[in-house]
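This report refers to the structure that appears directly beneath it.
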Amino acid sequence: MVDGGMKCVRDLLFIFNLLFFLAGAGLIGVGAYVQIDMDDYDGVYGDSYASPGLVIIALGAVIFLIAFFGCCGAYKESSCLVKTFAAFLVIVFIVELAAGILGFVVRDQIEDQMTKLMKKSLKKYADKDVAKGWDAIQDEFDCCGVVNASDWESVLPDNPPKSCCPDDKQCTYDSLLTKKGCEHSIVQYLKDKIVIIGGVALGLAFIQILGIILACCLARAIDDEKDY
């Protein structure tokens, strides 16, 4: 059994992993919330932007599993488990760092892709899922069309979708001349989501450095004790 300063390291690593365990559970919950929140828009964007919630859930599940290894290793003072924990932390650290940087880089590149997807799906409004997605977006963000309401004229020449003016029984193109399009609102919404994911990934990555240091110190102390 490790003693002295290394006992303190073991206890700190055990506490670290309990917090890490809770963080993993929290991320799974947040990911589920984001996934449900994005679900209404699937008809417009398909699977292209349906993955942020799944990414967070996957990250939470991986952290959950890694924390289990760390807790077991610290509690049983198993050098193998502690080293496995440290190795997993290093791998996840690299992945999270890359994901965080990528999130901040690509957030300014999604606008053109989003606009193309929106214009493409708008022409398929007759599809039930697409209509549901567009109605949800226009109602949620109080907008109409991609750039403006006139985008709908080629699809619905008589009148725009009722979701463009839910409070107005006489919903016409003339009444929507000053209504904003949905492009800016939804793009900003997704950019904000990406920034949150990137920020969480970078934050967790740097916190994991402490876990890696503690695990390496404890594993070395366990190995040194076995040599005596």
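Keep in mind that what you see is a predicted model, and the values were worked out from it rather than measured. Excluded from the calculations below are hydrogen atoms, water molecules and symmetry mates; all remaining heavy atoms, backbone and side chain alike, are included.
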NZ of Lys180 to CZ of Phe141: how many Å apart, nearest 0.5 Å? 9.0 Å

Is the closest side-chain donor-acceptor distance between Tyr173 and Asp158 under 3.5 Å? no

Sorted by chain and residue number, the disulfide (SG to SG under 2.5 Å) partners of Cys143 (sequence neighbours excluded) come out as Cys182

Can you check whether Phe88 reaches Gln208 side chain to side chain, under 4.5 Å on heavy atoms? no

Taking only residues two or more places apart in sequence or in another chain, which ones pass ring-ring contact (aromatic ring centres under 6.0 Å, His included) with Phe14? none

Assess, by modelled atom type and distance only, whether the side chains of Asp174 and Thr172 contain a donor and an acceptor separated by less than 3.5 Å. no

Are Asp142 and Lys179 close enough for a salt bridge, meaning some N to O gap below 4.0 Å? yes

Taking side chain as C-beta onward, heavy atoms only, is Asp151 less than 4.5 Å from Lys119? no

Do the side chains of Leu19 and Phe16 get nearer than 4.5 Å, heavy atoms only? no

Please list all pairs meeting salt bridge (charged side-chain N to carboxylate O under 4.0 Å, His left out) that have one or both residues in residues 80-91, counting only residues at least two apart or in different chains. Lys83-Asp223

Considering non-hydrogen atoms only, spot the tightest contact between Ile186 and Met118 and give its length. CG2-SD, 3.5 Å

Rounded distance (nearest 0.5 Å) linking atom CG of Leu214 with atom CD1 of Ile15: 10.5 Å

Verify whether one side chain among Ser163 and Trp134 offers a donor that lies under 3.5 Å from an acceptor in the other. no

Run the side-chain contact (heavy atoms from CB on, under 4.5 Å) test against Lys124 and tell me which residues pass, sequence neighbours left out. Lys120, Val130

Does Phe68 CZ have over 12 foreign heavy atoms under 6.0 Å away? no

Any residue meeting salt bridge (Lys or Arg N to Asp or Glu O under 4.0 Å) with Asp139, in chain and number order, not counting sequence neighbours: none

When rounded to the nearest 0.5 Å, the distance separating CG of Leu22 from CD1 of Ile63 is 12.0 Å

Distance (rounded to the nearest 0.5 Å) between Cys71 SG and Phe85 CZ: 8.0 Å

Could you tell me which non-hydrogen atom of Cys144 sits nearest to which non-hydrogen atom of Gln138, and how far apart they are? CA-OE1, 3.6 Å

Within this structure, what is the CG-CD1 distance for the pair Leu89 and Ile66, rounded to the nearest 0.5 Å? 5.5 Å

Is Cys165 close enough to Cys171 that their SG atoms are under 2.5 Å apart? yes

Can you list everything that forms a ring-ring contact (aromatic ring centres under 6.0 Å, His included) with Phe93? Sequence neighbours excluded, please. none

Look up atom CD1 in Ile137 and atom CD in Glu183, then write down how far apart they are to the nearest 0.5 Å. 12.0 Å

